[in-house]
Chemist: 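Attaching a single structure in structure tokens format; questions to follow.
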Amino acid sequence: MSPEIRTNVISARLTRRRFLLRAVLPAVATGIAVGTPRLSAMARAVTSVTVIPASGPGAVAVTLNVNGADHALEIEPRVTLLDALRERLALTGTKKGCDQGQCGACTVLVDGRRVNACLTLAIATEGKKVTTVEGLAHDGRLHAVQAAFIEYDAFQCGYCTPGQICSAVGLIAEGRTRSDAEIREYMSGNICRCGAYTNIVAAIKVAAGHA
Amino acid sequence: MRPFAYARAHSADDAVAALAQNPGAAFLAGGTNIVDLIKIDVAMPGMLVDIGALPLAAIDVAPDGTVRIGALARMSDTADHAAVRSGAPAVSMALNLSASAQLRNMATIGGNVLQRTRCVYFRDVTQPCNKRAPGTGCSAIGGDDRKMAILGANALCIAVNPSDFSVAMLITDATIHLRGPAGERTTPFLGFQRLPDDPARDTNIGPGELITAVSFVPSSLTRNSTYLKVRDRASYEFALVSVAAALDVQGGTIRNARVALGGVAHAPWRALIAEASLIGKPAAIATYAAAADAELRAAKPQRLNGFKIPLARNAMIRALATVGGAA
């Protein structure tokens, strides 16, 4: 079937940005082969086949809840949460390091759990609550982890720091701060090329209330 | 990243239908593997079918004791689940020694089983690779083969499977539950992941099939299990060699044994020769060493990974001593 025919079938059934999966196409193709022109009738006939609407690959409307506020965006499905935060919402606290899940600079919290924003599609976070480093302070007061990082000098260049801080907030919520060894193991997803690990562990212990 | 369409499935049947009828589509669950592979052009799906909203994340214990782990259970949640920790400590350990805390919060059990190799040539689209582009050859053979296979490899592919979880599941005699266009089926975990006779096929999953769960029955054997992972750095790294081991020892004699190896083959490697060697013998270092030697007799090193043979031997001995004692 030519793309043009497929497009016509699809637009007859759904809005321009939504199209039926190819569930309908084998039946339609058969209809063409035997010379039956009643495409719309056949499209109706196969609506009992399970189909789910798809969006994209062009830009689609996506609402992201970030740091307590909803943001209506028009983004393609391929846009990662990291790029949506940085390039569309100007929340540049979340850093792009490796962009392949190997450094942790992009760590944010989704529904309270730490994840890599570089491997998360923004569209897949609709309906969830995203918290970035910009959303940790409240009423002009730093989050305990932020304050501890400053007090214990837990950084040098600072590039990995937002990811380290968000990861530490998740770590403390997970209760994985019972020893230095446990903190180190469960913070291993955040690489620090300056090697500030000693002070990072010290800051996390204080923020967790263990020091 | 190349563009793709996106659809959100609200039932497993929707998801299966969508994938079966769109040959260029792929499932999206945690995304830690597929999104990465799309970024580097190794995967080029025309559509991602997001299965994240399906009710497949539960971990249940049936009245007969069977532990059923839903395919969408997160690695972190699975590792910390009481039934998994007590029923098969090796499984919990393998999960917690995988990836990072962030990735374990994202990645799912089903996706873990289906994750693709970390072979550097598979991931580099400028290089020939029989797994990514069948018929183009294997760049790892004669190349940087330090992390490649020592068991079960062939002239087509010497890549290794990266999953720790799958290695540990092999010592539980686990079952994989699937749903596809033809309905539901179950298949043994052992054999689901393939050796490289057809390197493009990592597993025996069918077109349009979705893993819905994995399950195992805890026993005195699986409860006495451990997982040892050896790697280039102490955390957040794939295995050079790993060992899952379970022993049932009574009166100093090994009554039953399960051993599986990771980092050594195209699929997690159940060490059946070692198991046969262990049963009926005293739980002692000499027994473990003889079993390891028997299993590794078939090992064939590449140019740079000969170290994996003694490493696997020593790791097997240590893991077995952990669960069997070291008389």
Side-chain angles (χ1 to χ4, degrees), chain A residues 18-26 49-58 60 62 76-81 83 99-104 106-111 113-121 123-128 163 166-167 170-171 174 176 184-191, chain B residues 1-25 28-40 45-53 74 76-77 80 96-97 99-107 118 123 181 233-237:
Chain A
R18 308 192 133 230
F19 57 88
L20 288 172
L21 300 187
R22 289 181 200 160
V24 301
L25 296 181
V49 175
T50 307
V51 290
I52 51 177
S55 53
V60 294
V62 174
E76 297 175 18
R78 64 177 166 166
V79 173
T80 62
L81 178 59
D83 286 341
D99 205 28
Q100 53 184 1
Q102 296 182 11
C103 79
C106 67
T107 302
V108 299
L109 302 167
V110 174
D111 285 344
R113 304 181 72 170
R114 49 185 168 151
V115 301
N116 299 100
C118 73
L119 294 181
T120 302
L121 295 181
I123 195 171
T125 65
E126 264 199 318
K128 299 176 180 175
C166 285
S167 191
L171 171 86
E174 294 161 16
R176 294 289 191 181
R184 287 176 179 278
E185 171 61 31
Y186 282 83
M187 286 295 290
S188 71
N190 294 84
I191 308 295
Chain B
M1 200 180 344
R2 289 168 194 264
F4 49 81
Y6 173 90
R8 194 171 285 144
H10 297 288
S11 76
D13 286 338
D14 283 1
V16 166
L19 209 73
Q21 292 147 9
N22 288 269
L28 171 69
T32 56
N33 199 208
I34 188 69
V35 174
D36 181 39
L37 292 177
I38 293 170
K39 286 187 179 190
I40 59 176
M47 173 187 293
L48 286 182
V49 178
D50 188 347
I51 58 171
R74 266 31 190 188
S76 51
D77 294 330
D80 294 338
N96 269 331
L97 292 170
S100 68
Q102 290 95 316
L103 291 166
R104 295 193 297 269
N105 275 344
M106 303 170 68
R118 307 300 297 193
R123 292 172 59 81
R233 60 183 183 189
S235 185
Y236 198 11
E237 180 62 281

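So that the names make sense, note that chain A is the first sequence line, chain B the second, and so on, each numbered from 1. Quantities reported herein were computed from a predicted structural model and do not represent experimental measurements.
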Chemist: Please classify the contact between B:D36 and chain A as side chain, backbone, both or neither, with a heavy-atom cut-off of under 4.5 Å.
Modeler: both

Chemist: Tell me which of these, B:D50, B:L97, B:L28, B:D80, has more heavy-atom pairs under 4.5 Å with chain A than the rest.
Modeler: B:D80

Chemist: Could you check which of B:T32, B:V16, B:I40 has the highest count of heavy-atom pairs closer than 4.5 Å to chain A?
Modeler: B:T32

Chemist: Measure distances from B:L48 to the heavy atoms of chain A and classify the residue's part below 4.5 Å as side chain, backbone, both or neither.
Modeler: side chain

Chemist: Is there a donor-acceptor contact under 3.5 Å linking the side chains of A:N190 and B:Q102?
Modeler: yes

Chemist: Which heavy-atom pair separates A:V108 from A:C166 by the least distance, and what is that distance?
Modeler: CA-CB, 4.3 Å

Chemist: Please step through side chain to side chain contact (heavy atoms under 4.5 Å, CB included) for the pair A:T80 and B:K39, ending with a clear verdict.
Modeler: CA-CA 10 Å; A:T80 62; B:K39 286 187 179 190; 3.9 Å; yes

Chemist: Counting only heavy atoms closer than 4.5 Å, note whether B:N33 contacts chain A via side chain, backbone, both or neither.
Modeler: neither

Chemist: Any chance the side chains of A:R114 and A:S167 put a donor and an acceptor closer than 3.5 Å?
Modeler: yes

Chemist: Answer yes or no: is there a side-chain heavy-atom contact under 4.5 Å between A:L81 and A:N116?
Modeler: no

Chemist: For chain A, which candidate among B:R2, B:H10, B:E237 shows the most heavy-atom pairs at distances under 4.5 Å?
Modeler: B:R2

Chemist: If I take atom OG1 from residue A:T107 and atom CG from residue B:N105, how far apart are they, to the nearest 0.5 angstrom?
Modeler: 10.0 Å

Chemist: Is the side chain of B:R233 donor-acceptor paired with the backbone N or O of B:S235 at a distance under 3.5 Å, no angle test?
Modeler: yes

Chemist: Before accepting this row, confirm whether a basic side-chain N of the pair A:R113/A:E174 lies closer than 4.0 Å to the acidic partner's carboxylate O.
Modeler: no

Chemist: Check whether B:A53 gets within reach of chain A through its side chain, its backbone, both or neither, counting any heavy atom under 4.5 Å.
Modeler: neither

Chemist: Under 4.5 Å from any heavy atom of chain A, what part of B:I38 do you find: side chain, backbone, both or neither?
Modeler: neither

Chemist: Between A:A124, A:G189, A:G101, who has the most heavy-atom pairs with chain B when the cutoff is under 4.5 Å?
Modeler: A:G189

Chemist: Considering only heavy atoms, which portion of A:R184 lies under 4.5 Å from any heavy atom of chain B: side chain, backbone, both, or neither?
Modeler: neither

Chemist: For residues A:I123 and A:S55, report the shortest heavy-atom separation together with the two atoms involved.
Modeler: CD1-OG, 4.1 Å

Chemist: Looking at chain A, which one of B:G31, B:P3, B:G46 has the largest number of heavy-atom pairs inside 4.5 Å, strictly under?
Modeler: B:P3

Chemist: What part of B:R8 is in contact with chain A, defined as an atom under 4.5 angstrom from a non-hydrogen atom: side chain, backbone, both or neither?
Modeler: both

Chemist: Count the heavy-atom pairs under 4.5 Å between each of A:G104, A:G127, A:C118, A:G170 and chain B, then report the option with the highest count.
Modeler: A:C118

Chemist: Check each atom of A:L121 against the heavy atoms of chain B and say whether the ones under 4.5 Å are side chain, backbone, both or neither.
Modeler: side chain

